[in-house]
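As structure tokens, the structure follows; a few thoughts come after it.
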Amino acid sequence: MDKYDHKTIEAKWQDFWEKEKIYQASDSSKKPKKYVLVEFPYPSGEGLHMGHLRPYTAGDTFSRYWRMKGFEVLYPIGWDAFGLPAENYAIKNKVHPRVSTAKNVENAKRQLKSWGMSFDWSREVNTTDPGYYKWTQWIFLQLFKAGLAYEATGLINWCPKDKTGLANEEVIDGKCERCGTPVEKKELRQWYLKITAYAEKLLEGLKSLKEWPEPVKLQQENWIGKNEGAELEFRIRNYELGIRVFTTRPDTLFGATYMVLAPEHPLITDIKNQISNIKEVEEYTENTKKKSDIQRTAVEKEKTGVELKGIKAINPATKEEIPVWVADYVLMGYGTGAIMAVPAHDERDFEFAKKYRLPIRTVINNPSALPNASASPLILRGDETAEEPPLNIRGDSLPHSLPRAGEGELYTGEGVLMNSGKFDGMDSEQVKAEITKFVGGQKKTQYKLRDWVFSRQRYWGEPIPLVHCEKCGIVPVPEDELPVTLPEVKDYEPTGTGESPLAAIVSWVNVKCPNCGGKAKRETNTMPQWAGSSWYWLRYTDPQNDKEMASKKLVKQWTPVDVYFGGMEHTTLHLLYSRFWNLFLYDQGYVTAQEPYTKRVPHGIVLASDGEKMSKSRGNVVNPDDVIEKFGADTLRMYEMFLGPHGDTVFWNDKGIVGVKRFLDKVWRSAVSNYPSPSGGGWSKVGRGLHALIKKITADLEAFKFNTCISAFMEFLNKNENMAQADFEVFLRLLAPFAPHTTEELWHQLGYRDSIHQQLWPEFNEKLAQDTKITFVVQVSGKLRATLEMPTGSSQAEVKAKVVSDKNVKKYLADKEVVKEIFVPDKLINFVLR
RNA sequence: GCCUGGGUGGCGGAAUUGGCAUACGCGCAUGGCUUAGGACCAUGUUCCGAAAGGAUUGAGAGUUCGAAUCUCUCCCCAGGCACCA
């Protein structure tokens with residue numbers, strides 16, 4: 001064979017690997033372990049796409065590398081198969097999701113095998129398998145028993161197209177994460193997981209994740225959104241209840257000239273009969289409800305609000321009576337749903353005060369503002385108690401006590417207090433605690449993270465294993481009755497009323513209470529798709545266990561995951577959720593690692609060559625199956641890596657692939673023409689360069705710089721087309737994780753019987769990896785004037801002696817005085833002229 | 001608006017972290033092989049210039065013997081968050 005026939009060869013070795021089971025991870029191995037994880041795919045009808053190839057190839061290459069390094073590597077795969085597409089397909093075509101899913105799994109599995117992935121198929125899991133979701137339900141029950149799952153009625157995100165509630169994390173830019181439909185707010189009874197109880201631990205844990213990329217950690221940190229401040233109470237005039245507010249700036253309390261309640265704030269209904277313009281207020285709050293989140297939070301939008309006439313709050317610091325407003329720029333979901341407004345020191349309050357002519361009182365001195373008010377006559381300072389009152393434009397003195405409505409200056413920084421009674425002259429940063437104490441408030445930590453809306457009004461998900469009993473209330477299904485299996489339904493169509501299609505299966509819904517035996521109904525909501533993936537890496541360690549989620553011994557043996565390849569888009573979804581579940585299971589003593597993933601390696605997205613997302617409607621999809629048909633898996637894998645750095649967005653471009661194909665053909669030709677018969681052993685004359693190659697490939701692999709590995713291979717082969725056979729064998733071993741089929745075939749052609757993937761990774765000798773000669777850079781005043789071949793380790797004197805005789809350099813040095821000479825060993829010599 | 005990345009030939013990208021900018025690949029050009037080729041092989045290919053030489057890493061400044069790399073100002077692109085008090 002003088003040409004590499006990828007179809008025959010790749011199929012042949014895929015069968016061989018499967019038969020020999022060389023990629024199965026052994027629980028009883030004496031070798032040190034490594035756990036390589038890739039995000040398991042959703043088996044869609046379209047099959048796997050280029051986007052899957054990127055992390056899977058990286059994980060595969062890495063697994064192969066670690067196996068050759070002598071580790072027992074666990075590289076498992078499974079199916080995240082609950083979810084909407086299968087269900088929507090069922091609605092349309094009346095095919096049970098179980099059936100279509102099985103078909104899609106079959107196809108995706110064929111694809112993964114054709115890519116030459118070294119997965120351990122004996123550990124395959126499927127989230128829709130009752131033997132799997134039994135344990136998803138079991139974990140839910142543990143959360144429930146720990147008080148971390150609760151039912152509540154509240155305003156939640158609702159996707160009108162998918163007809164289900166959504167978690168906060170599933171709303172991207174105000175739209176449904178799955179289908180892109182603008183999300184609405186709906187008042188619904190929902191199950192929540194109290195992820196907020198783990199806010200601090202999730203934040204704390206990030207600090208221990210030394211091998212996570214900073215941007216990923218930062219994004220999670222921002223999502224959790226910790227904010228330290230104070231909770232203060234403002235009394236309402238002639239009323240027993242007060243208004244509690246959260247603020248990060250208690251130091252500006254003296255500047256709080258009004259208050260704002262969120263439109264949903266319960267106080268508005270409580271004091272309804274004291275509000276003289278209640279009609280106007282209710283009209284406003286009703287209007288707000290109708291608006292979508294997108295409309296409500298649009299930045300360009302001008303702020304609106306209505307004053308609660310007849311209501312006055314009392315600023316606890318100044319004892320002044322201040323107006324109370326309702327405005328939709330205050331959100332019910334954060335803090336207490338009410339704020340103290342300090343227009344002089346908060347941008348939003350400033351804007352609002354300007355519009356509605358509310359008083360703006362400066363209480364923090366802006367150190368960068370000009371001290372003399374007359375120097376900037378347009379800026380009015382409010383009720384400063386300076387001895388000489390500031391001047392307005394006409395030069396008149398201003399009234400002393402009250403700030404002029406709607407006029408003033410905005411300054412949001414820290415500084416020295418003014419107009420703040422006994423706190424005047426103190427530093428704003430230091431005075432925060434004191435002022436909080438002065439008005440009887442408390443220090444308070446707020447998080448932006450919200451509890452996880454955990455129920456979905458859809459069919460194709462794990463049933464929530466709870467029962468509603470008329471007498472006992474909510475009762476968990478006993479653990480020995482798990483799993484609560486999904487019943488067959490006639491109609492998958494979501495009802496849209498906030499009830500799941502399961503509610504219509506009377507025979508399934510009506511049960512006896514496990515507690516009292518009385519009449520009870522099953523919970524009919526299902527879990528979100530994120531449930532199954534929140535613990536799947538644990539199941540891989542012990543996938544057949546029907547007594548436990550996974551045996552503690554095996555969990556301890558394999559976890560944490562050493563390296564987890566996946567997408568940036570899961571940073572505040574799967575990655576956050578699974579860390580939460582793991583932390584919980586850790587606290588309960590079921591898992592041994594506090595953090596599930598030691599290292600996270602994100603990949604860039606694969607876009608079409610037109611720079612757009614690959615999509616059927618655009619017609620720019622490149623199907624990996626077609627590329628494999630034409631070029632083979634090794635070429636596809638290597639080209640995908642060669643496109644660009646693993647973390648970068650890459651554009652698929654059909655044109656460049658021939659470069660990688662040519663390289664592999666060249667490897668093939670080189671082998672077939674140079675080494676027709678088996679022999680081997682020892683190092684040869686190109687050994688030096690080869691040591692350098694081993695060093696380079698090893699280092700770049702460890703740093704996930706796959707693209708430069710490929711260049712290094714190409715460069716080496718270009719220079720050493722006819723290397724000695726022993727060297728070629730080393731070259732093949734280095735290339736094996738990248739081109740598993742080609743290298744396996746050539747390895748066997750060289751006479752070996754074992755798989756190349758079970759060979760050891762080549763070691764390099766540091767001394768031999770160094771060049772014996774190096775090219776010196778000769779500069780005159782920092783400009784390159786010559787280069788010079790010198791033996792490694794040459795001294796300054798040796799280099800100089802050789803350099804000054806160089807014609808070119810002489811020309812530049814003639815009649816000039818050398819002020820300074822810079823010598824960098826094995827690199828450069830620079831003559832600085834006057 | 002805020003927070004992250006990033007900006008290098010015609011294109012994808014490389015540069016041992018302050019020391020030969022443009023490796024490797026695509027494309028293109030010329031030549032070879034071929035009945036033919038959009039196959040393969042060889043050579044060349046940052047820009048200006050006939051050459052000597054000069055210029056060049058988004059723009060501008062600075063530090064340094066020396067800057068793609070460090071500092072400052074500005075512009076642009078991608079991603080995340082966004083009326084979060």
Side-chain angles (χ1 to χ4, degrees), chain A residues 172-174 213-223 225 227 229 245-249 252 256 260 262 296-303 327-331 333-342 345-349 351-352 446-450 568-569 571-572 604-605 607 609 611 639 642-645 647-660 662-663 665-666 669 695-696 699-700 705 707-718 775-788 818-824 826-833:
Chain A
I172 314 283
D173 278 335
E214 274 322 305
V216 175
K217 286 194 274 186
L218 211 63
Q219 211 172 301
Q220 280 207 1
E221 198 182 310
N222 291 340
W223 188 261
N227 228 336
V245 300
F246 171 74
T247 178
T248 53
R249 296 295 301 270
T252 63
V260 185
R296 201 175 149 176
T297 60
V299 187
E300 326 79 58
K301 198 196 81 173
E302 201 176 284
K303 293 187 177 23
D328 67 358
Y329 81 92
V330 173
L331 309 171
Y334 184 76
T336 61
I339 60 154
M340 64 176 211
V342 185
H345 305 290
D346 180 279
E347 227 172 291
R348 296 148 300 180
D349 300 343
E351 195 193 315
F352 193 77
Q446 270 292 334
Y447 300 91
K448 288 183 193 167
L449 186 70
R450 314 282 165 86
M568 262 327 257
E569 71 276 16
T571 302
T572 53
I605 1 170
L607 297 176
S609 54
Y639 181 54
F642 191 53
L643 273 172
D648 286 13
T649 300
V650 294
F651 304 93
W652 182 266
N653 177 355
D654 280 319
K655 283 191 177 152
I657 198 166
V658 295
V660 170
R662 280 174 195 153
F663 165 74
D665 281 343
K666 198 163 170 179
R669 265 202 319 277
K695 187 181 175 182
K696 165 89 177 155
D700 283 5
K705 290 158 81 176
N707 55 332
T708 51
C709 286
I710 314 289
S711 321
F713 281 125
M714 290 173 167
E715 201 174 352
F716 183 82
L717 192 65
N718 287 346
T775 310
F776 247 88
V777 173
V778 184
Q779 294 182 337
V780 178
S781 292
K783 292 217 173 208
L784 175 76
R785 294 305 177 193
T787 56
L788 186 63
V818 176
V819 208
K820 206 170 163 188
E821 216 177 286
I822 290 158
F823 181 78
V824 184
D826 290 344
K827 237 170 210 151
L828 142 155
I829 187 157
N830 184 10
F831 301 97
V832 186
L833 303 181

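The figures here come from the full heavy-atom set of this structure, side chains too, leaving out hydrogens, waters and symmetry mates. Chain letters run A, B, ... following the sequence lines, proteins first and then strands; every chain starts at 1.
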Classify the nucleic acid contact of [X] as base, sugar-phosphate or nothing, counting any heavy atom under 4.0 Å across all strands shown.
X        : result
A/Val330 : base
A/Arg785 : sugar-phosphate
A/Thr572 : nothing

For the pair A/Ser781 (side chain) and A/Leu833 (backbone), establish whether a donor and an acceptor sit closer than 3.5 Å, ignoring hydrogens and angles. yes

A/Asp648 (side chain) donor-acceptor with A/Gly604 (main chain) under 3.5 angstrom: no

Do [X] and [Y] make a side-chain contact, defined as non-hydrogen atoms from C-beta onward lying under 4.5 Å apart?
X        : Y        : answer
A/Val777 : A/Lys827 : no
A/Phe642 : A/Met714 : yes
A/Ile339 : A/Asp349 : yes
A/Lys696 : A/Thr708 : yes

Chi-based syn or anti call at B/G32, which uses purine or pyrimidine torsion atoms and a 90° bound: anti

Is B/U17 in the syn range, within 90° of 0, or in the anti range? syn

Looking only at atom [atom1], what distance separates [N] and [M], rounded to whole Å?
N     : M     : atom1 : value
B/C48 : B/U56 : C1'   : 11 Å
B/A21 : B/G7  : C1'   : 16 Å
B/A59 : B/U64 : P     : 23 Å
B/G31 : B/G37 : P     : 13 Å
B/G18 : B/A52 : P     : 34 Å
B/G53 : B/G49 : C1'   : 8 Å
B/C83 : B/C72 : P     : 30 Å
B/G58 : B/A68 : P     : 10 Å

Roughly how many Å is it from [atom1] in [X] to [atom2] in [N], rounded to a whole number?
X        : N     : atom1 : atom2 : result
A/Ile172 : B/G80 : CD1   : C1'   : 10 Å
A/Glu715 : B/A23 : CD    : C1'   : 6 Å
A/Glu569 : B/G80 : CD    : P     : 10 Å
A/Lys448 : B/C3  : NZ    : C1'   : 10 Å
A/Lys217 : B/G79 : NZ    : P     : 24 Å
A/Gln219 : B/C3  : CD    : C1'   : 10 Å
A/Phe663 : B/C40 : CZ    : P     : 16 Å
A/Phe716 : B/A23 : CZ    : C1'   : 16 Å

Ring pair (Phe, Tyr, Trp, His ring centres under 6.0 Å) with A/Phe663: which residues, sequence neighbours excluded? none

5' priority, RNA chain B, between A/Met568 and A/Glu347 [closest heavy atom]: A/Glu347

Does atom CD (A/Glu347) have a neighbourhood of more than 12 heavy atoms from anything else shown, all under 6.0 Å? no

For RNA chain B, produce a single dot-bracket line, 5' to 3'. Pairs: Watson-Crick or G-U wobble, both distances under 3.5 Å. Symbols: ( ) within strand, [ ] crossing, | other strand, . unpaired. (((((((..(((......[....)))((((((.......))))))(((....)))..(((((..]....))))))))))))....

Out of A/Glu221, A/Glu214, A/Gln220, which one pairs with A/Lys217 under the side-chain contact (heavy atoms from CB on, under 4.5 Å) rule? A/Glu214

How long is the straight-line distance from CD of A/Gln779 back to CG of A/Leu828, given to the nearest 0.5 Å? 4.5 Å

If you measure from OG on A/Ser711 to NZ on A/Lys705, what distance do you get to the nearest 0.5 Å? 10.5 Å

Please list, pair by pair, any protein nitrogen or oxygen found under 3.5 Å from a nitrogen or oxygen in nucleotides 41-46 of chain B.
| from | atom 1 | to | atom 2 | distance (Å) |
| --- | --- | --- | --- | --- |
| B/C41 | OP1 | A/Arg669 | NH2 | 3.3 |

Which listed nucleotide (B/C83, B/C81, B/C24) is nearest to the side chain of A/Met714? B/C24

The criterion is salt bridge (Lys or Arg N to Asp or Glu O under 4.0 Å); which residues satisfy it with A/Glu569, sequence neighbours excluded? none

Please test A/Val832 against A/Val818 for side-chain contact (heavy atoms from CB on, under 4.5 Å), starting from the C-alpha separation and ending with a verdict. CA-CA 6 Å; A/Val832 186; A/Val818 176; 5.9 Å; no

Checking side-chain contact (heavy atoms from CB on, under 4.5 Å) for the pair A/Thr252/A/Met340: CA distance, chi angles, key distance, verdict? CA-CA 10 Å; A/Thr252 63; A/Met340 64 176 211; 3.8 Å; yes

Per-nucleotide protein contact along nucleotides 4-17 of chain B, 5' to 3', at a 4.0 Å heavy-atom cut-off (B base, S sugar-phosphate only, - neither), is S-------BSSS--

Dump every N/O contact between nucleotides 65-67 of chain B and the protein below 3.5 Å, one line per pair.
| from | atom 1 | to | atom 2 | distance (Å) |
| --- | --- | --- | --- | --- |
| B/C65 | OP1 | A/Lys820 | NZ | 3.4 |
| B/C65 | O2 | A/Asn830 | ND2 | 2.3 |

Look at the rings of A/Tyr639 and A/Trp652 and say which category their plane angle falls in: under 30° parallel, 30 to 60° tilted, over 60° perpendicular. perpendicular

How far apart are the C-alpha atoms of A/Leu717 and A/Lys666, what are their side-chain angles, what is the distance that settles it, and do they pass the side-chain contact (heavy atoms from CB on, under 4.5 Å) test? CA-CA 8 Å; A/Leu717 192 65; A/Lys666 198 163 170 179; 3.8 Å; yes

